[in-house]
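What you see is a predicted model, and the numbers here were worked out from it, not measured in a lab.
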Amino acid sequence: KGRLLQLGTLSEVYDRPRTAFIGRFLGDANFLELSDGTVRTAAIGAPSTMVRPEHLKLVPPGTGHFDGTYLGTRHAGHLKNCFVDVHGAQLRSDQIGEGDELRFQTGDLVGVAWEERHAPHLAADPDDSHGGSESKDD
């Protein structure tokens, strides 16, 4: 009694999911509520802007979308997970190797940036996407 929520190639659905549920289903991402020049972590199921960690870039302060505090790096083999706190929203940027993004130290002020094409705006999740009640038609 499942439902088809989105149809497309893996790349299309991964890069441009219609809802946060689909985006979460296919991998990690930063789900953000952007309003009034601020950023917050979006509530699960709420409309949001999604930026995958591989598309979130760390830049000098004042040159990105927002500035935040660099929290540190977690090493996962060749992949580095870099964490930034932006007004209470913890964002993750994934970097490969020892790129320029890794020049920041814990506690540094850092900017976060992304290309708009990598930041789709997602609709609210359907009420039944989290295992809610079945519709009368099921």
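A 4.5 Å side-chain heavy-atom check between P126 and T19 finds at least one atom pair inside the cut-off. With contacts defined as side-chain heavy-atom distances shorter than 4.5 Å, the pair I96/L79 qualifies. Looking at heavy atoms from C-beta onward, L32 lies in side-chain contact with L91 at the 4.5 angstrom threshold.
Partners of S35 according to the side-chain hydrogen bond (donor to acceptor under 3.5 Å, both in side chains) rule, which considers only residues two or more places apart in sequence or in another chain, do not exist here. For R18, the salt bridge (Lys or Arg N to Asp or Glu O under 4.0 Å) criterion is met by no residue, not counting sequence neighbours.
One hydrophobic cluster, built from ILVMFWY side chains closer than 4.5 Å, cannot hold both L122 and L10; they sit in different ones. If you chain together hydrophobic residues whose side chains sit under 4.5 Å apart, L34 and V84 fall into the same group. One hydrophobic cluster, built from ILVMFWY side chains closer than 4.5 Å, cannot hold both F83 and V86; they sit in different ones.
R92 contributes atom CZ, which lies 8.5 Å from atom CD of E54 (distance to the nearest 0.5 angstrom). Here the OG1-CG distance, from T69 to D108, works out to 9.0 Å after rounding to the nearest 0.5 Å. Here the OG1 atom belonging to T63 is positioned 13.5 Å from the NZ atom belonging to K57, to the nearest 0.5 angstrom. To the nearest 0.5 Å, atoms OG1 (T73) and CG (N81) are separated by 8.5 Å. Taking CD1 from I44 and CZ from F31, the interatomic distance works out to 9.5 Å, rounded to the nearest 0.5 Å. Distance check, rounded to the nearest 0.5 Å: NE2 of H65 to CG of L56 gives 9.5 Å.
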Item to complete: Evaluate the criterion side-chain contact (heavy atoms from CB on, under 4.5 Å) for residue pair T106 and L71; output intermediate values, then yes/no.
Response: CA-CA 5 Å; T106 301; L71 300 175; 5.8 Å; no
Discussion item. For I22 and M50: C-alpha separation, side-chain torsions, deciding distance, then whether side-chain contact (heavy atoms from CB on, under 4.5 Å) applies.
Written reply: CA-CA 11 Å; I22 298 166; M50 180 191 81; over 6 Å; no
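The aromatic rings of Y70 and F104 sit tilted, their planes meeting at an angle between 30° and 60°.
R74 contributes no side-chain N or O that, together with a main-chain N or O of C82, makes up a donor-acceptor pair within less than 3.5 Å. Side chain of R16 to main chain of S11: no donor-acceptor pair is present (N/O by atom type, distance under 3.5 Å, no hydrogens or angles).
Residues R52 and D28 come closest through the heavy atom pair NH1-O, 3.1 Å. Smallest separation of non-hydrogen atoms from G64 and A113: CA-CB, 3.9 Å.
Atom CZ of R40 has 12 or fewer neighbouring heavy atoms from other residues, nucleotides or ligands inside a 6.0 Å radius.
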